[in-house]
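Values below: every heavy atom of this structure, side chains too, minus hydrogens, waters and symmetry copies. A note on names: the letters A, B, ... follow the listed sequences, proteins ahead of strands, and every chain is numbered from 1.
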Amino acid sequence: MLFIATGAVGAVAVGSVAWPLISQMNPDASTIAAGAPIDVDLSAIAEGAIVTVKWRGKPIFVRHRTPKEIKEAVEVPLSSLPDPQSDAQRVKKPEWLVVIGVCTHLGCIPLGHQGEYEGWFCPCHGSAYDTSGRIRKGPAPKNLEVPSYAFTSDTKLTIG
Amino acid sequence: MSGPSTYVPKSALGRWFESRLPIMGLIHSSFVAYPTPRNLNYWWTFGGILSVMLMVQIITGIVLVMHYTPHVDYAFNSIELIMRDVNWGWMLRYTHANGASMFFVAVYIHMLRGLYYGSYKAPREVLWILGVIIYLLMMATGFMGYVLPWGQMSFWGATVITNLFSAIPLVGESITTWLWGGYSVDNPTLNRFFSLHYLLPFMIAGVVVLHVWALHVVGQNNPDGVEVKNVARDTLPFTPYATIKDGFAMICFMMFFAWWIFYVPNYLGHADNYIEANPLSTPAHIVPEWYYLPFYAILRAVPSKLGGVVAMFSAIIVLCFLPWLDTSKVRSAKYRPVYKVFFWLFVASAIGLGYLGAMPAEGGYVLASRLLAVYYFAFFLVVMPLLGLFETPRALPASIADSVLKNAHSAKA
Ligand code: HEM
Ligand code: FES
């Protein structure tokens, strides 16, 4: 009985000491606060251009797509995609594509307007994304992630 | 480090102390009277060289910390300060940076020595696995050290390597956030890497003590791979025989080391690391330090994220299982004519993978990495188990003394 009680209390003690030691490594309050939403002025982004803004230490690509780019993104058969998602699921307004600019392979920053599909090309291990930010070729398993965002006016976008 | 000591202190003070803390006896039995096989060659001097390199890294590291600032805004500048303003700072930093490379040169020679002479086989399994643990700790230490100067390669190397953990199903993303202490590699990451880079070398030192302890329990292997049968005939005392031979090899190695520091101090580094880290721009071609390249090539050879990461880690973990994968009764490749061929092919495949790891991941390079990666694993998982059953080894000498004396006779004739 005493052995079991000692063992049980000991296990709780070890756990309650270990948890703070592990948990302190997670993002602290100031890091989380610095991840607050940011605004982007859309009127300054010409058609065809990609603007990179920094949010939570990561680049966010805001791409003003041309009609040709939109057409390419819409017309691809879903069955040919490694991570099937329609273009409509990835954008709120077809001209504006907003994605986190971090390659879903190992985190490098892909280069815009490059690669076989003219979306993005990652120089690190050769992943190619299309004009909807979807993975088409290479080792990356997933499409470029879409952050949460909203159009707060005709010319203003809020990310976060 | 084992067995009763034959040490007898000469002075009265020595006897008084020894009966309270028998440390002189421990040192005497480990490094003076300790019997070493009389046929050891120079490949056996790398253990001592590795111990010296660990000391070099710890000493230069401690003095670098006196001038280095682990903060994203100051780290890069503090390194430039070390290079330009601190007295002898350039030499201390070049010694530490090239010292890491020399440490890996020595460990690779040391490990290949074990692989060639079958030093991982019974009764040395625990000794071998402790060695693999030291190697893993060295890789972690070197990786985190390379992040500290906060150049472009530091930052993007850290990003790619920490992202390896995001391949783990379900919990991967949470693990990477936890490792970073944020949403990307940033100041909290630099701080913790600095803390761990300071800690791990001392953990290595601790495992080295266990490694040497295990060595002194089972005794050294030797080029003929036959056990010591008669201590008087087959062995020589550590001092002076091994001490002087190790000392000579260490001095030669230090001259090689000095050549890198004073003539080509930046050859093994990457020029992009003299550009301050920029989280918004990835260099066109990122490569890890040379000592990780074979594993990096294996990572990129597999066309799936999780698969690549699993293959890369398996390439190291497989080493722990060698004692049971190798079925041959004979230890040394000297008496294994077929194994010898496969061994050198393995060395060639590892060097080839190292070369491919530095090349861009496209076309023929990827194909070649795949072929070599297959051989790398086949060597351990297919060749080793089967060869022990099919190979006819050459006749072993009856004892270490017989092999040495036979050579001495034929040399005279
Ligand atoms: C196993 C032993 C060690 C290895 C393999 C190792 C490896 C490395 C490497 C590869 C670098 C990057 C060098 C560069 O490119 O600039 C580095 C930097 C650094 N290390 Fe170590 N290190 C070791 C031990 C230590 C220890 C014990 C300390 C502190 C007590 C230390 C402190 C530092 C500092 C302050 C830097 C940044 C300065 C610099 O980059 O030159 N290291 N280490
Ligand atoms: S990080 Fe983009 S392809 Fe590997």
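Counting heavy atoms from C-beta outward, B:H285 and A:P123 have side chains that stay 4.5 Å or more apart. A heavy-atom distance below 4.5 Å is found between the side chains of A:C108 and B:I286. A:K58 places a side-chain heavy atom less than 4.5 Å from the side chain of B:S184. Looking at B:L164 and A:L106, their side chains come closer than 4.5 Å, going by heavy atoms from C-beta outward.
Other residues, nucleotides and ligands contribute more than 12 heavy atoms inside 6.0 Å of the CE atom of B:M139. Sparse packing is recorded around OH of B:Y74, with 12 or fewer heavy atoms of other residues, nucleotides or ligands lying under 6.0 Å away. No more than 12 heavy atoms of other residues, nucleotides or ligands sit less than 6.0 Å from atom CG of A:D154. Heavy atoms of other residues, nucleotides or ligands lying less than 6.0 angstrom from OH of B:Y355 number 12 at most. Surrounding CG of A:L78 are more than 12 heavy atoms belonging to other residues, nucleotides or ligands, all under 6.0 Å away. More than 12 heavy atoms of other residues, nucleotides or ligands shown are found within 6.0 angstrom of NZ on A:K93. More than 12 heavy atoms of other residues, nucleotides or ligands lie within 6.0 Å of NZ in A:K92, so this atom counts as buried by the packing criterion. Atom CZ of B:F202 has more than 12 neighbouring heavy atoms from other residues, nucleotides or ligands inside a 6.0 Å radius.
The contact between B:S281 and chain A is made entirely by backbone atoms, counting heavy-atom distances below 4.5 Å. With a 4.5 Å cut-off on non-hydrogen atoms, B:Y296 touches chain A through its side chain but not through its backbone. With a threshold of 4.5 angstrom between heavy atoms, A:L111 does not approach chain B through any atom at all. With a 4.5 angstrom heavy-atom cutoff, B:P283 touches chain A only via backbone atoms.
Among A:A140, A:P59, A:S23, the residue with the largest count of heavy-atom pairs under 4.5 Å with chain B is A:P59. Looking only at heavy-atom pairs under 4.5 Å with chain A, the residue among B:V185, B:L280, B:V302 that has the most is B:L280. Ranked by heavy-atom pairs shorter than 4.5 Å toward chain B, the options A:G126, A:C124, A:G138 are led by A:C124. Between chain A and the residues B:L306, B:N163, B:V366, B:I161, the most heavy-atom pairs under 4.5 angstrom are made by B:N163. For chain B, the option among A:T31, A:V102, A:T52, A:D28 with the highest count of heavy-atom pairs below 4.5 Å is A:T31.
The structure places CG of B:D186 at 13.0 Å from CZ of A:R56, a figure rounded to the nearest 0.5 Å. Taking CH2 from B:W156 and CD1 from A:I109, the interatomic distance works out to 3.5 Å, rounded to the nearest 0.5 Å. Here B:E173 contributes atom CD and A:E145 contributes atom CD; the two are 7.0 Å apart, rounded to the nearest 0.5 Å. Between the CD atom in A:Q24 and the CH2 atom in B:W178 there is a gap of 8.5 Å [rounded to 0.5 Å]. Atom NE2 in A:H125 sits 6.0 Å away from atom CG in B:L299 (nearest 0.5 Å). Separation of atoms OH (B:Y183) and CD1 (A:I100) is listed at 11.5 Å; rounding is to 0.5 Å.
Although no hydrogens or angles enter the test, the distance criterion places a donor-acceptor pair under 3.5 Å between the side chain of B:K305 and the main chain of A:T104.
Minimum heavy-atom separation, A:K54 to B:P279: NZ-CG, 4.2 Å.
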